[in-house]
Enquirer: 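The structure's right below; bear with me while I get my questions together.
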Protein chains: 2
Amino acid sequence: MTSTIFSIAPSSAQTAPSQNKCAVCSFKKLCLPVGLDDNAVSRLDKIIGRRRRIARDEHLYRMDQPFNSLYAVRFGHFKTAQVNLRGEQQITGFQMAGDLLGMDAIGAGRHACSAVALEDAEVCEIPFARLQELFGEMPQLLQHFHRIMSQEITREQNVMLLLGNMRAEQRFAVFLLNLSARYQARGYSPSSFQLRMSREDMGDYLSLTIESVSRLLSRFRKQGWISIDNRDLTILDRAALEALSTGAALEVAEQKAARAEEAMRGKSRMTLCAA
Amino acid sequence: MTSTIFSIAPSSAQTAPSQNKCAVCSFKKLCLPVGLDDNAVSRLDKIIGRRRRIARDEHLYRMDQPFNSLYAVRFGHFKTAQVNLRGEQQITGFQMAGDLLGMDAIGAGRHACSAVALEDAEVCEIPFARLQELFGEMPQLLQHFHRIMSQEITREQNVMLLLGNMRAEQRFAVFLLNLSARYQARGYSPSSFQLRMSREDMGDYLSLTIESVSRLLSRFRKQGWISIDNRDLTILDRAALEALSTGAALEVAEQKAARAEEAMRGKSRMTLCAA
DNA sequence: CGTTGCTTTGACACCGATCAATCCTGGTGG
DNA sequence: CCACCAGGATTGATCGGTGTCAAAGCAACG
């Protein structure tokens with residue numbers, strides 16, 4: 001096993017000193033405290049439970065486990081995955097610092113997917129019952145929580161679009177640009193970063209085989225769009241990736257677009273008829 | 001254009017008499033009022049805006065329009081779809097009586113997808129600002145709202161699973177059984193119902209071409225699993241569909257499962273090592 | 001230095017897309 | 001009443017992108 005920074009006291013959760021301090025957390029601009037004043041932030045601070053450290057490849061929670069808390073990532077990366085009866089996994093997302101985990105469990109009271117650390121990581125535990133108490137007193141917090149949940153819905157819709165309507169190349173370009181944007185939002189380089197997940201994880205997210213992922217990386221490299229050394233990736237030609245990601249050069253699709261446009265015009269005519 | 005029940009006063013929204021009456025709505029068990037007492041329901045009633053009638057093929061809202069209200073479907077069916085630059089659409093869901101529309105717009109303040117009526121339909125308009133006022137006073141309502149949003153997240157995760165990990169046959173079986181279950185929950189026959197959407201819409205949801213959809217319907221019919229006459233569908237062999245939907249008879253996949261299991265065992269060993 | 005697991009690369013197969021022709025249905029007009 | 005038409009649905013033939021299978025390369029580690 002790869003040695004971890006937790007090799008002395010590994011796996012299980014640990015209680016941290018009481019001061020969690022959203023106030024001084026470098027990711028508060030991306031996390032729950034967005035838009036809260038100092039007073040509000042300190043009230044939020046008070047309900048944040050222990051911090052938990054999760055070693056690489058360990059579960060933060062497992063599918064079907066009862067739901068009690070949301071988790072905000074402090075550092076490290078996670079993947080969330082649903083596993084079906086046959087052991088195939090669909091990775092539903094990758095989470096990094098400032099991202100909120102566990103919202104899909106509110107509805108059923110059990111986690112709908114499993115969260116696994118891709119590297120040694122730390123999260124803030126947010127007991128949901130206590131968060132709910134705060135909602136009554138802090139409408140700004142509630143509003144922001146709704147925004148976050150809603151954004152999770154639109155994020156997933158985008159993945160549906162990706163899985164449903166894009167070819168392998170396009171999916172991969174979208175994936176890389178998405179990572180790039182998220183690192184930029186966190187103050188890191190948007191053009192040079194480490195892929196925290198294995199080829200297999202990328203494949204299970206994009207619904208491609210590891211072989212396809214590998215071939216795509218090679219092709220992108222040969223085109224001079226990226227450089228890739230193991231898991232270290234550099235975007236060399238962002239414009240090319242963006243062109244791909246918006247679906248340039250797919251004349252087949254353009255034909256379909258033409259057809260769709262025609263259909264639209266048809267419907268407009270129909271509407272006029274009816275009015 | 002097909003004549004509609006609104007042919008006299010078509011398209012645009014209409015103000016309905018003030019009494020919306022969630023209390024007497026046959027779908028309150030599926031909708032926002034779940035679990036509310038009479039008093040609470042009447043308070044919810046008061047903020048519900050006008051009812052809106054939407055004729056077949058008309059938009060309830062369009063992508064990018066500013067967000068003001070959620071909508072609860074009273075009758076009729078809708079589809080929600082994202083359309084990309086090239087006119088391809090990914091249908092993100094089909095909504096029926098009791099379903100809530102528009103939650104994906106809270107985050108950005110604009111609708112992330114378009115909602116179109118598949119047939120003449122009616123919705124309750126729920127001004128979100130007023131709903132938010134109620135949240136402060138009615139924690140049960142807030143809790144239920146969170147459940148609904150969370151369920152929307154898990155619903156979409158299931159679609160991701162469907163698009164990412166299932167073959168055409170399996171997707172289609174899952175789709176039919178899902179419709180069946182939803183009609184059953186609404187008190188309709190789970191085995192015999194009308195497909196409210198065109199073949200193309202089914203395809204754009206399942207990410208299949210109309211030809212594939214058509215072939216699947218034919219194949220399922222020839223196998224004796226369903227009968228299909230135009231849009232009228234009857235499930236004749238539910239067990240067969242369920243077997244398909246859980247992914248029976250995919251030995252290829254079983255191999256992958258075996259590999260995954262092996263990997264799992266590998267990781268357990270690693271964990272033991274570390275502990 | 002061998003083992004182990006991950007990655008890369010190549011050859012081939014197969015599912016579902018694409019293209020094309022026909023059928024069916026409902027609506028329209030003679 | 002029937003002929004005609006348009007749009008949607010079905011069916012068949014073929015193509016192509018990705019999965020599958022297999023082998024080899026490579027890096028980390030004991």
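Worth saying up front: this structure is predicted, and the values here are computed from it rather than measured. Letters A, B, ... mirror the listed sequences (proteins, then strands); counts begin at 1.
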Enquirer: What is the distance from CG of A/L163 to P of C/dG16, rounded to the nearest Å?
Expert: 16 Å
Enquirer: Okay, side chain of B/R56, backbone of B/A117: is any donor-acceptor separation there less than 3.5 Å?
Expert: no
Enquirer: Look at B/S212 and C/dA17 and indicate whether a side-chain polar atom (N or O) is within less than 4.0 Å of OP1 or OP2.
Expert: yes
Enquirer: Check each of A/Y205, A/F220, A/W225 against A/F172 using the ring-ring contact (aromatic ring centres under 6.0 Å, His included) test, and report the only one that passes.
Expert: A/F220
Enquirer: Just to be sure I understand the rule, does A/S214 reach a base, reach only the sugar-phosphate, or reach nothing, if contact means heavy atoms closer than 4.0 Å?
Expert: base
Enquirer: Please pick, from C/dT7, D/dT10, D/dT20, the nucleotide with the shortest atom-to-atom distance to any side-chain atom of B/S218.
Expert: D/dT10
Enquirer: Atom CZ of A/R221 and atom P of C/dT9: how far apart are they, to the nearest Å?
Expert: 6 Å
Enquirer: Please report, rounded to the nearest Å, how far the C1' atom of D/dT11 is from the CD1 atom of B/I210.
Expert: 12 Å
Enquirer: Which is more 5' along DNA chain D, the nucleotide nearest A/R219 or the one nearest B/I228? Just name the residue.
Expert: B/I228
Enquirer: I need the CZ-P distance between A/F220 and C/dT8, as an integer number of Å.
Expert: 14 Å
Enquirer: Could you state the atom-to-atom distance from CZ of A/R199 to P of C/dT9 in whole Å?
Expert: 11 Å
Enquirer: Ignoring hydrogens and geometry beyond distance, is the side chain of A/E211 in donor-acceptor contact with the base of D/dC21 at under 3.5 Å?
Expert: yes
Enquirer: What does B/L208 touch in the nucleic acid at a heavy-atom separation under 4.0 angstrom: a base, only the sugar-phosphate, or nothing?
Expert: sugar-phosphate
Enquirer: How many whole angstroms separate atom CE of A/M202 from atom P of D/dG19?
Expert: 15 Å
Enquirer: Check the pair A/E156 / B/Q157 against side-chain contact (heavy atoms from CB on, under 4.5 Å), numbers first and verdict last.
Expert: CA-CA 7 Å; A/E156 289 185 357; B/Q157 285 178 354; 3.3 Å; yes
Enquirer: Using only modelled atom types and a 3.5 angstrom limit, is any donor from either the side chain of B/R215 or the base of D/dG12 paired with an acceptor on the other?
Expert: yes
Enquirer: Would you say B/S192 and B/S189 are linked by a side-chain donor-acceptor pair, where the criterion is simply a distance under 3.5 Å?
Expert: no
Enquirer: Side chains of B/R238 and B/P190, heavy atoms from C-beta outward: is any pair under 4.5 Å?
Expert: yes
Enquirer: To the nearest Å, how far apart are A/N230 CG and D/dC26 C1'?
Expert: 9 Å
Enquirer: So what does A/T209 touch, heavy atoms closer than 4.0 Å: a base, only the sugar-phosphate, or nothing?
Expert: base
Enquirer: Atom CD of A/E200 to atom C1' of D/dT20: distance rounded to whole Å?
Expert: 15 Å
